[in-house]
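For reference, the structure discussed in these notes is given below.
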Amino acid sequence: MPTAAPVPMFPLSTVLFPGALLPLHIFEPRYRQLMADCLAAETGFGIVLIERGREVGGGDQRSSIGTMVEIVKASELPDGRWLLVVQGRARLGIEEWLPDDPYPQARARVLEDEVPAIETDQLVRATQAVRRVRGLLAESGSAPPLPAEAVFAVDPEVALWQLCEQAPVSTYDAQQLLAAPGGGERLRRLIDLTEALEQDLHRLLREGGENSGAD
């Protein structure tokens, strides 16, 4: 993609990481037009987090870093709505928002991660932390554990994005992971987030056990 090329944009209240799949239900007229244009041109579009505001109707405040996506499945319903499955392909930096006519668009460029490379021992540490946190959440009944058979990619960059997707972090923290300038910084942030969450969960589970034993 050329630098700062006009890109159709779909602001959402979620963060999509490169490699991850996301189902979408398209019902607003402006996004139906976006779909028609993207399918006709055989191109994807950008997804960006709405920091303030709502998905429907516009008037929102949007993040400056999002994700370029590819349409992997599209089904049009009889009433003109669309059911989609998209997959994240690359981080996208927003340089300038254009008028929302007929739908949100921005001048944007694909962002390349900075070096240094991801350290294998730190990636293992992050993987273990994500598994432990998911296990603690399952113990508390808040979320299912990470399946024991879950296998992450051999490529460290791909594996790191998969870990980010599986980590039970807030939308704000997910955006911070997406915005990290490189894999090394992203990995450090993921470890900090998951290990801090692990400590909090241990404390809550311990306090819960103590309270349940009180008269």
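Predicted model only: the values in this text are computed from it and were never measured.
- In this structure, Q105 contributes its side chain and P8 its backbone to no donor-acceptor pair below 3.5 Å.
- At a threshold of 4.5 Å between non-hydrogen side-chain atoms, the residues R89 and V69 do not count as touching.
- Between R107 and E95 there is no salt bridge, since no side-chain N of the basic residue sits under 4.0 Å from a carboxylate O of the acidic one.
- Every residue meeting the side-chain hydrogen bond (donor to acceptor under 3.5 Å, both in side chains) condition with R125, not counting sequence neighbours, appears here in chain and number order: E195.
- In the hydrophobic clustering of this structure, L39 groups with L22; members are Ile, Leu, Val, Met, Phe, Trp, Tyr whose side-chain heavy atoms approach within less than 4.5 Å, directly or through other members.
- No side-chain heavy atom of R30 sits under 4.5 Å from any side-chain heavy atom of P102.
- Between T194 and V133, the closest heavy-atom pair is O-CG2, 3.2 Å.
- A donor-acceptor contact shorter than 3.5 Å is absent between the side chain of Q33 and the backbone of P29.
- The side-chain hydrogen bond (donor to acceptor under 3.5 Å, both in side chains) test applied to Q199 returns no partner, not counting sequence neighbours.
- In plain terms, the two heavy atoms of L160 and G183 that are nearest each other are CD2-O, 3.4 Å.
- Proximity of E157 to I118: side-chain heavy atoms (C-beta onward) are separated by under 4.5 Å at one or more points.
- When side chains are defined from C-beta on, I94 does not count as touching I65, because their heavy atoms never get closer than 4.5 Å.
- In this structure, R52 CZ and S13 OG are separated by 15.0 Å, a value rounded to the nearest 0.5 Å.
- For P104 against P11, the heavy-atom pair with the smallest separation is CG-CD, 4.0 Å.
- Between the CH2 atom of W82 and the CG atom of L77 there is a distance of 9.0 Å, given to the nearest 0.5 Å.
- Closest approach of P181 to R91, counting heavy atoms only: O-NH2, 3.8 Å.
- Within the 4.5 Å cutoff, no side-chain heavy atoms of L83 are placed close to those of I26.
- Remark: I71 CD1 to T43 OG1 distance equals 7.0 Å, nearest 0.5 Å.
- Taking a 4.5 Å side-chain heavy-atom cut-off between Ile, Leu, Val, Met, Phe, Trp and Tyr, the cluster of L21 extends to V72, V85.
- With L49 as the partner, the side chain to side chain contact (heavy atoms under 4.5 Å, CB included) test is satisfied by one option alone out of T171, L12, L178: T171.
- Annotation: salt bridge (Lys or Arg N to Asp or Glu O under 4.0 Å) contacts involving residues 181-191, sequence neighbours excluded, comprise D113-R186, E185-R188, E185-R189.
- Within the 4.5 Å cutoff, side-chain heavy atoms of V86 are placed close to those of F45.
- In this structure, the side-chain hydrogen bond (donor to acceptor under 3.5 Å, both in side chains) partners of Q166, at least two apart in sequence or on a different chain, are R134.
- Here F17 pairs with W161 under the ring-ring contact (aromatic ring centres under 6.0 Å, His included) rule; sequence neighbours left out.
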Requested in this report: Might you work through the side-chain contact (heavy atoms from CB on, under 4.5 Å) test for L92 and V48, ending with a clear yes or no?
Outcome: CA-CA 9 Å; L92 197 64; V48 68; over 6 Å; no
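- In this structure, F10 CZ and T67 OG1 are separated by 14.0 Å, a value rounded to the nearest 0.5 Å.
- For the atom pair CZ (F27) and CZ (R81), the distance works out to 9.5 Å, reported to the nearest 0.5 Å.
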Report task. Starting from the C-alpha separation in whole Å, work towards a yes-or-no answer on side-chain contact (heavy atoms from CB on, under 4.5 Å) for L84 and M35. Result -> CA-CA 9 Å; L84 300 185; M35 273 300 305; 3.2 Å; yes
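- When all heavy atoms are compared, the tightest approach of V110 to A90 is CG1-CB, 3.8 Å.
- The nearest pair of heavy atoms linking D79 to R32 is O-NH1, 3.2 Å.
- Atom CD of residue Q122 and atom CG of residue L190 lie 11.0 Å apart, to the nearest 0.5 angstrom.
- Side chains of E198 and L136 form a contact here, defined as non-hydrogen atoms less than 4.5 Å apart.
- A donor-acceptor pair is defined here as one N or O able to donate and one able to accept, closer than 3.5 Å; no such pair exists between the side chain of Q175 and the backbone of S63.
- For an aromatic pair to be called close, the ring centres must be under 6.0 Å apart, and Y103 with Y31 fails this.
- Contact check for L163 versus L123: side-chain heavy atoms found under the 4.5 Å cut-off.
- Both cation-pi conditions hold for R62 and W97: the charged atom is under 6.0 angstrom from the six-membered ring centre and inside a 45 degree cone around its axis.
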